[in-house]
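What follows is a single structure, written as structure tokens, with notes after it.
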Amino acid sequence: MAVTVHRAPVADIAPLTLYRILWLRISVFVVEQGAAYPEIDGRDIEPGAELMWASEGDEVLATLRLLRESSHSRIGRVATAPHARGRGIAAELMRAAVGRLEVEMPRGPILLDAQAHLAEWYGRFGFIVAGAAFSEDGIPHVPMRRDEV
């Protein structure tokens with residue numbers, strides 16, 4: 001079955017699909033990575049926020065969140081189901097997200113906070129480390145930035 005990429009604000013996502021997206025995020029960030037924090041943080045329903053996800057049939061394999069802020073855009077909550085890793089699904093989702101944000105705000109930077117061990121992976125999409133490393137929920141992170149190319 002083919003993997004398809006979707007994008008929508010939370011209000012337009014079917015309830016079962018939204019459940020699967022949030023379940024995946026909690027499974028990865030809270031359970032797998034042991035970071036007890038409020039994963040559902042209110043930012044998913046901010047004006048301009050959208051979720052993107054890759055699915056195979058009804059199964060959500062990967063997801064991320066797009067935020068539009070006044071001077072930049074932000075990508076976050078990038079998560080892939082363990083059994084779907086290594087298939088290039090998250091990379092396809094990242095390319096789609098960057099492409100979407102570039103069309104909307106061609107001169108504005110795209111920001112993200114990457115888990116430090118994934119900085120090189122995000123570099124494949126034009127992101128560079130843009131500040132000092134920091135710890136979030138005991139996990140090393142680095143701020144990253146992608147300017148117009």
Side-chain angles (χ1 to χ4, degrees), residues 3-56 58-85 87 89-105 108-147:
V3 174
T4 54
V5 172
H6 313 268
R7 175 184 50 81
V10 165
D12 294 345
I13 300 173
L16 287 176
T17 301
L18 180 58
Y19 176 89
R20 290 177 180 117
I21 291 167
L22 296 174
W23 182 87
L24 174 59
R25 284 175 25 182
I26 291 168
S27 294
V28 170
F29 298 126
V30 178
V31 178
E32 179 184 335
Q33 296 181 355
Y37 69 100
E39 168 50 34
I40 300 171
D41 61 358
R43 301 219 58 197
D44 296 306
I45 58 173
E46 288 179 358
E50 291 182 305
L51 300 182
M52 293 185 72
W53 68 97
S55 63
E56 202 166 41
D58 290 337
E59 183 181 14
V60 173
L61 302 174
T63 185
L64 60 76
R65 175 170 73 187
L66 304 177
L67 298 174
R68 279 76 171 192
E69 298 176 353
S70 61
S71 62
H72 60 272
S73 301
R74 180 174 291 280
I75 296 174
R77 298 300 204 261
V78 181
T80 304
H83 69 279
R85 294 175 188 159
R87 294 175 51 189
I89 296 168
E92 180 180 350
L93 205 53
M94 278 296 295
R95 284 190 291 275
V98 167
R100 172 71 178 174
L101 295 174
E102 282 183 334
V103 167
E104 289 179 10
M105 191 183 248
I110 303 170
L111 307 180
L112 60 82
D113 291 332
Q115 291 186 9
H117 72 280
L118 293 172
E120 187 175 316
W121 185 80
Y122 286 108
R124 296 171 33 195
F125 309 103
F127 288 88
I128 59 167
V129 174
F134 63 96
S135 179
E136 186 172 314
D137 298 306
I139 300 170
H141 282 71
V142 290
M144 299 190 79
R145 176 184 187 104
R146 184 182 196 280
D147 291 304

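Values reported hereafter were calculated over all heavy atoms of this structure, with side chains retained and with hydrogens, waters and symmetry mates removed.
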Shortest non-hydrogen contact between Arg146 and Gly126, atoms and distance: CG-O, 3.5 Å
Looking only at heavy atoms, what is the nearest atom pair of Glu50 and Arg7, with distance? OE2-NH1, 2.8 Å
Please identify each residue that fulfils side chain to side chain contact (heavy atoms under 4.5 Å, CB included) with Glu39, with sequence neighbours left out. Arg25, Ile26, Phe29, Val30, Tyr37, Arg77
Working to the nearest 0.5 Å, report the span between OG1 of Thr80 and CD1 of Ile89. 7.5 Å
Using a 4.5 Å cut-off on heavy atoms from C-beta on, say whether the side chain of Arg20 contacts that of Trp53. no
Output the distance between atom CD (Glu102) and atom OG (Ser73), rounded to the nearest 0.5 Å. 10.0 Å
Enclosure of Ile139 CD1 (heavy-atom neighbours >12, cutoff 6.0 Å): yes
ring-ring contact (aromatic ring centres under 6.0 Å, His included) involving Trp23 - partner list, sequence neighbours excluded: none
Side chain to side chain contact (heavy atoms under 4.5 Å, CB included) with Asp12: which residues, sequence neighbours excluded? Ala8, Pro9
Taking the side chain as every heavy atom from C-beta outward, state whether Asp113 and Arg74 have any pair of such atoms under 4.5 Å apart. yes
To the nearest 0.5 Å, atom CG of Leu61 lies from atom CG of Leu24 at 8.5 Å
Can you list everything that forms a ring-ring contact (aromatic ring centres under 6.0 Å, His included) with Tyr19? Sequence neighbours excluded, please. none
Name all residues meeting the side chain to side chain contact (heavy atoms under 4.5 Å, CB included) criterion together with Arg145; count only those two or more places apart in sequence or in a different chain, and write none if there are none. Pro109, Leu111, Ala130, Asp147
Would you give the length of the straight line joining atom CD1 of Ile75 to atom CG of Leu66, rounded to the nearest 0.5 angstrom? 6.0 Å
Side chains of Arg87 and Val3: does their closest heavy-atom pair fall under 4.5 Å? yes
Lys/Arg N to Asp/Glu carboxylate O, Arg95 vs Glu92, below 4.0 Å: no
Phe125 side chain reached by Met144 side chain, heavy atoms, under 4.5 Å: no
Who are the side chain to side chain donor-acceptor pair (under 3.5 Å) partners of Glu104, not counting sequence neighbours? Arg68, Arg100
His6 side chain near Ile21 side chain, heavy-atom distance below 4.5 Å: no
Quick test of your reading of the model: are Arg65 and Glu46 salt-bridged, counting only N-O distances below 4.0 Å? no
Looking at every non-hydrogen atom in both residues, tell me the closest pair between Leu51 and Val10 and how far apart they are. CD1-CG2, 3.9 Å
Taking the side chain as C-beta and beyond, is there a heavy-atom pair between Asp137 and Gln33 under 4.5 Å? no
If you compare all heavy atoms of Val129 against all heavy atoms of Ala119, which two are closest, and at what distance to 0.1 Å? CG2-CB, 4.4 Å
Looking at Ala114 and Tyr122, what are the two nearest heavy atoms and their distance? CB-CD1, 3.5 Å
Please report the closest heavy-atom contact between Met52 and Ala96, naming both atoms and the distance. CE-CB, 3.6 Å
